[in-house]
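Single-structure report; data block below.
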Amino acid sequence: MAREQDYITIMCGIQELDFRANAVPCDLVLIAEHAFPLVMNPRGQVLMAASQYGKGRVVVLGHEEYLTRFPDLIKNAVKWLMPCTCCSGIVGIQKRLRSVAENLNHYPIKTELGDLRSGLAVYITDAYSVDNCAKDLIAFIKAGGGLIIAGQAWHWAATHPKENTIKNFPGNKVCSVAGIYFTENYGEVGIYPVPRQIPFSWRAVSTGKDFKDDLHFLLEGVSEFNIQSEAVPSEVMVHGPLAFPIAVTPDGKAFIAGAYYGQGRVILLSHESYMDRDSLSTFLINAIKWLDQDRKGVIGIEPRLKPAQTVLSKSGLDCQVTGFREDLSIYVCTSYIDAQSAEIQEFVAEGGGLMIGGHAWHWAQTHHGGNVMTDYPGNHILNKMGLSLLGSTLSGELYKAPEVEQICKEGYHFRKMLHRFAEHVHLGQKLTNHEQSCLKQLGKDCARYLRMRCHDSPAYTSMVAILSDIVKLGVPQVSSHCPVESAKDHLMLHIATEVYKVSPDPDALLPYIIKDRPNTVSNVRVRISAKTEDWEEWISTGLYLSPGMKTYITVPPEIIGKNWQVQLGCQTDNIGKAEVLKRAPVVHQRFPLNAEKVKICNLWGGLIYVIAPPQSKVDGVEIVVQTAIQAPYFKSGETSVADWVNRIRQTPAPWAELEFENIIMTLKSEFIRNLDRPDEVAKLWDTIMRSIADLAAKPGKFPRKERFVADVQISVGFMHSGYPVMMQDISAPELVDVQRAYKHGLWGQIHELGHNQQRGVWEFRPHTTECTCNLWSLYVHEEVLGLSSCNAHPELTLKNRQARIKSYCDGGKDLKTWSIWTALETYMQLQERFGWDAFRKVFAIYHDMNGVPNDNAGKMNLYAETFSKVVKLNLCPFFKAWGWPIQPDTQEKISHLPEWSDHPMVQYA
């Protein structure tokens with residue numbers, strides 16, 4: 001909003017600008033957070049721009065003739081540039097620009113012709129003769145002065161064909177610190193109306209340079225990037241007009257990138273250990289020389305990166321281990337600290353080099369719910385430079401160095417690809433097969449860019465506007481009946497989800513994304529009780545918001561600012577990696593409860609949950625939901641069957657919940673509209689859940705109720721464990737069909753609940769990952785549902801069991817093949833001889849056991865010892881017959897027990 005007011009001030013009273021005549025301007029490139037276009041032609045070229053740096057401001061014109069052609073604009077610009085009303089108010093004007101002074105003399109503005117001096121408020125100059133005073137002009141702006149600088153760089157570039165215009169054109173040595181650059185590109189001229197707001201256009205989304213010369217320099221003598229090691233890199237997003245990828249994976253994801261920023265340069269490596277790696281030394285030396293820009297100055301290396309000194313010293317430059325200093329030529333640091341981010345950005349803007357390394361994936365994993373784009377320390381430095389470290393990881397492998405011509409022509413770049421996609425949707429231009437293959441990546445990157453939430457930046461707000469216009473062209477109405485398969489539709493779903501969250505007018509977007517809305521209820525009071533330990537807990541409200549619907553929640557003082565949250569949506573799986581989408585990739589959203597009244601809204605709607613954080617305890621506090629939609633919600637002990645049948649099951653929300661003693665089921669309302677006896681479903685699941693606790697040797701009342709969510713599509717498998725357990729909604733009817741459960745069982749559902757009971761102390765991963773969870777499936781089917789193992793699952797028929805044992809033993813009892821059903825046979829033989837009570841006792845012992853080994857061999861020996869002591873028989877012969885690595889000291893510990901000599905594996909011993 002501040003930039004919009006600045007724009008209005010500069011363009012006040014100007015309806016249109018006539019650029020026709022002999023003056024051919026150049027296109028300007030804008031990169032800084034505060035830089036904004038004043039005039040943009042229909043091709044998206046910027047002919048005039050403004051910005052700020054330090055305490056001062058800058059106006060840049062794409063041709064010096066505009067200083068006299070548009071006197072009203074210059075007058076407005078001078079007014080905007082004046083540092084304060086109490087200053088001298090004198091406008092200094094370069095001597096050769098006498099006609100500008102004559103124009104300004106028609107206004108009450110004090111002017112003087114001459115060189116820059118102290119005491120001036122504003123200075124006006126062309127872009128050609130500032131070489132000798134560039135540092136003085138930067139200091140003048142930084143201290144609060146205003147600068148108008150005008151010129152074009154295309155003629156200079158033509159007469160200096162081997163020089164870098166971005167770096168060496170005189171005007172760029174000044175205005176680049178404010179994020180505006182003159183380029184060698186001609187600007188198209190005409191009569192252009194002045195819009196009421198800062199102009200934007202999808203045509204302006206482009207790179208500001210081809211980077212060919214930079215890549216040739218950086219990749220000289222580099223044939224490969226060997227990043228093979230335990231050091232896992234993050235993916236790098238390259239999003240600035242003057243940022244570019246350097247090293248990429250075969251699918252185009254960057255792990256090393258560079259950028260121009262002001263007069264300086266940046267190299268980003270996505271793991272700090274790469275800076276001291278000999279295998280990368282050729283590239284690192286090239287990078288140091290590129291950053292140094294022939295100054296042959298001092299390289300300052302952050303103390304924690306001292307090992308990098310050996311490699312970087314090969315550049316021949318003076319490498320010192322030191323903290324950040326302004327007198328350095330290059331600063332080498334990690335991305336883990338942002339205490340001096342502003343100073344580092346200023347250092348680079350004024351010509352310094354920055355080599356920064358680090359990854360963001362660990363931060364993302366340890367800051368659940370955090371925004372890596374806005375909160376990760378390194379991105380506080382990098383975002384403004386057009387680079388960002390992402391929470392996603394890449395494989396540390398041996399990658400070929402890219403071919404410069406190929407990466408410049410066909411390599412993926414966010415801005416270049418977005419421009420091509422905009423041409424496709426707005427003009428109907430056909431995308432190549434390679435461009436089609438990049439659309440999924442583009443969708444992810446659009447979403448990531450929008451998560452920067454830099455609403456004070458004109459570059460960001462223009463991108464929001466550009467993507468909003470793309471959304472208005474139509475978003476696919478995804479569902480199980482209308483799945484999304486094309487890369488274009490994937491991209492549209494990604495963009496729609498994120499642009500809606502950051503749009504200044506989301507309601508205007510909603511009709512292009514979502515259809516239909518049901519009736520609402522008002523001021524619903526929901527009582528909240530929770531007692532959590534080391535986990536968070538979802539608390540159901542029985543309320544729903546339709547897509548795009550807004551509401552306010554009144555929050556009790558007991559939980560304000562104590563890490564409580566509201567979640568909209570039960571479908572928490574991110575399915576973005578799927579080839580076919582039956583819903584948008586991410587459809588849930590959380591909001592912190594940090595004020596007395598909190599506004600919540602989610603593009604895709606969803607059930608409303610209150611999220612209790614770990615270590616919280618409340619009893620009966622009350623939230624008030626201003627407006628919502630009632631959902632079919634049955635809660636044991638509170639909801640009567642009559643109320644359910646006569647009223648609740650027909651409430652309009654499309655999602656329903658059944659909450660029982662130890663489990664909550666969330667499924668589409670269509671699956672419960674005809675459910676007459678939720679109490680019988682409750683009775684079945686209460687018995688199942690208590691039996692799960694019983695086998696695990698735990699109290700019958702779970703400290704946190706388990707959850708099932710039946711979704712149209714999930715991230716992996718047909719079902720997967722977790723909180724909640726996720727399943728495909730084709731299985732949802734099985735949850736509430738009591739008769740079917742007793743007849744056919746619930747193997748998959750109990751299998752996933754069994755996963756939630758597994759504990760690393762008695763697990764031998766990866767062998768038993770998909771095995772021991774089935775102990776609970778077996779137990780529930782036998783003890784609750786009355787189904788024998790052979791009827792509970794087809795893999796457990798006697799014929800299949802015997803065939804597996806024989807195959808395993810004939811294959812040499814290799815533990816690599818001891819997994820899933822083969823491994824389960826070991827436990828089934830124990831159960832069939834010693835009963836379920838032996839397992840209960842073993843699990844109970846492990847609850848309080850300390851000093852458990854970390855390796856599988858050690859844990860298997862401990863398990864054999866523990867089980868033997870529980871059943872009072874030496875089971876070593878049995879486990880050895882299964883190929884377990886039983887050690888002599890284990891046999892010694894239980895040698896006093898009689899051996900189990902008639903075990904089922906005797907014939908294979």
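Fair warning: this is a prediction, and the values are worked out from it, not measured in the lab.
When side chains are defined from C-beta on, Leu17 counts as touching Met11, because their heavy atoms get closer than 4.5 Å. Proximity of Thr68 to Ser99: side-chain heavy atoms (C-beta onward) are separated by under 4.5 Å at one or more points. For the pair Val91/Ile148, no side-chain contact is recorded, criterion being any heavy-atom separation below 4.5 Å from C-beta on. With contacts defined as side-chain heavy-atom distances shorter than 4.5 Å, the pair Val464/Leu450 qualifies. Counting only heavy atoms from C-beta outward, the side chains of Leu418 and Cys446 approach each other to under 4.5 Å. In this structure the side chain of Val248 never reaches within 4.5 angstrom of the side chain of Tyr412, judged on heavy atoms. Side-chain contact between Val238 and Leu387: present, with at least one pair of heavy atoms (C-beta onward) separated by less than 4.5 Å. The shortest side-chain heavy-atom distance between His426 and Ile470 falls under the 4.5 Å cut-off.
Checked by atom type, the side-chain pair Ser329/Arg295 shows a donor-acceptor distance below 3.5 Å. Using modelled atom types and a 3.5 Å distance limit, the side chains of Ser388 and Tyr376 yield no donor-acceptor pair. Side-chain contact, Gln94 with Thr125: a donor N or O sits under 3.5 Å from an acceptor N or O.
With ring centers used as reference points, Phe19 lies under 6.0 Å from Phe70.
Taking each heavy atom of Asn379 and Val372 in turn, the nearest pair found is ND2-O, 2.8 Å. For Ala496 against Val471, the heavy-atom pair with the smallest separation is CA-CG2, 3.9 Å. Scanning all heavy atoms of the two residues, the minimum distance from Pro83 to Gly144 falls at CB-O, 3.2 Å. Listed here is the closest heavy atom pair of Cys26 and Ala153: SG-N, 3.6 Å. For the residue pair Trp154 and Val24, the shortest heavy atom distance occurs at NE1-O, 2.8 Å. Nearest heavy atoms, Asn103 versus Leu67: ND2-O, 4.4 Å.
Rounded to the nearest 0.5 Å, atoms CG (Leu431) and SG (Cys438) are 9.5 Å apart. The OH atom of Tyr500 sits 8.5 Å away from the CG atom of Leu509 when rounded to the nearest 0.5 Å. Once rounded to the nearest 0.5 Å, the distance linking OG of Ser457 with CG of Leu30 reads 10.0 Å. The structure places CE of Met385 at 5.5 Å from CG of Leu354, a figure rounded to the nearest 0.5 Å. Cys12 contributes atom SG, which lies 8.0 Å from atom CD1 of Ile14 (distance to the nearest 0.5 angstrom). Atoms CG and CD1, on Asp214 and Ile246 in that order, are 8.5 Å from each other to the nearest 0.5 Å.
For Asn168, the side-chain contact (heavy atoms from CB on, under 4.5 Å) partners two or more places apart in sequence, or in a different chain, are Trp156, Glu163, Asn164. Partners of Arg448 by salt bridge (Lys or Arg N to Asp or Glu O under 4.0 Å), not counting sequence neighbours, listed by chain and number: Glu235, Asp445. In this view, Arg20 and Asp18 satisfy the side-chain hydrogen bond (donor to acceptor under 3.5 Å, both in side chains) rule, not counting sequence neighbours. Under the side-chain hydrogen bond (donor to acceptor under 3.5 Å, both in side chains) criterion, Tyr192 pairs with no residue, sequence neighbours left out. For Tyr53, the side-chain hydrogen bond (donor to acceptor under 3.5 Å, both in side chains) test picks out Glu350, with sequence neighbours left out. Listed by chain and residue number, nothing satisfies the side-chain contact (heavy atoms from CB on, under 4.5 Å) test with Ala158 (two or more places apart in sequence, or in another chain). With sequence neighbours excluded, no residue satisfies side-chain hydrogen bond (donor to acceptor under 3.5 Å, both in side chains) with Gln197. Remark: Phe324 engages Tyr331, Phe347 in a ring pair (Phe, Tyr, Trp, His ring centres under 6.0 Å) (not counting sequence neighbours). Annotation: side-chain contact (heavy atoms from CB on, under 4.5 Å) contacts of Asn105 (sequence neighbours excluded): Thr111. Residues meeting the salt bridge (Lys or Arg N to Asp or Glu O under 4.0 Å) test with Asp294, sequence neighbours left out: none. Applying the side-chain contact (heavy atoms from CB on, under 4.5 Å) rule to Lys212 yields the partners Asp210, His216, Val404, Glu405, Cys408; only residues at least two apart in sequence or on another chain are considered.
Taking 4.0 Å as the cut-off between side-chain N and carboxylate O, Lys289 and Asp292 do not count as a salt-bridged pair. A salt bridge is defined here as a Lys NZ or Arg NE, NH1 or NH2 lying under 4.0 Å from an Asp or Glu carboxylate O, and Asp27 with Arg43 fails to meet this definition.
For the salt bridge (charged side-chain N to carboxylate O under 4.0 Å, His left out) condition, the pairs that include at least one residue of residues 166-179, sequence neighbours left out, are Asp131-Lys173.
Other residues, nucleotides and ligands contribute more than 12 heavy atoms inside 6.0 Å of the CZ atom of Arg117. By the neighbour-count criterion of 12 heavy atoms within 6.0 Å, atom CD of Glu16 is densely surrounded, having more than that number from other residues, nucleotides or ligands. Residue Asn22 places its CG atom among 12 or fewer non-hydrogen atoms of other residues, nucleotides or ligands, all under 6.0 Å distant.
Asn172 contributes a side-chain N or O that, together with a main-chain N or O of Phe182, makes up a donor-acceptor pair within less than 3.5 Å. Judged by distance alone, with hydrogens and angles left aside, the side-chain atoms of Asp456 form no donor-acceptor pair with the main-chain N or O of Ala2 at under 3.5 Å. For Gln406 (side chain) and Gly411 (main-chain N/O), no donor-acceptor pair under 3.5 Å exists by modelled atom type. A distance-only check finds a donor-acceptor pair linking the side chain of Arg265 to the backbone of Trp290 [under 3.5 Å].
If you run side-chain hydrogen bond (donor to acceptor under 3.5 Å, both in side chains) between Gln52 and each of Arg3, Glu33, Arg57, only Arg3 comes through. Between Tyr128 and the options Glu64, His155, Arg96, a side-chain hydrogen bond (donor to acceptor under 3.5 Å, both in side chains) holds for only Glu64.
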* Starting from the C-alpha separation in whole Å, work towards a yes-or-no answer on side-chain contact (heavy atoms from CB on, under 4.5 Å) for Leu147 and Leu81. => CA-CA 7 Å; Leu147 175 71; Leu81 291 166; 5.9 Å; no
* To do: With side-chain contact (heavy atoms from CB on, under 4.5 Å) as the test, would you mind laying out the steps for Leu38 and Val59 before giving the verdict?
  => CA-CA 9 Å; Leu38 298 173; Val59 171; 4.2 Å; yes
* Quick one: do Met48 and Leu73 satisfy side-chain contact (heavy atoms from CB on, under 4.5 Å)? Show the steps, please. => CA-CA 11 Å; Met48 298 181 180; Leu73 186 146; 3.7 Å; yes
* To do: For the pair Thr497 and Lys501, evaluate side-chain contact (heavy atoms from CB on, under 4.5 Å) and give the outcome as yes or no after the intermediate values.
  => CA-CA 7 Å; Thr497 301; Lys501 296 176 186 177; 4.1 Å; yes
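Below 30°, between 30° and 60°, or above 60°: for His239 and Tyr449 the angle between ring planes is above 60°, a perpendicular geometry.
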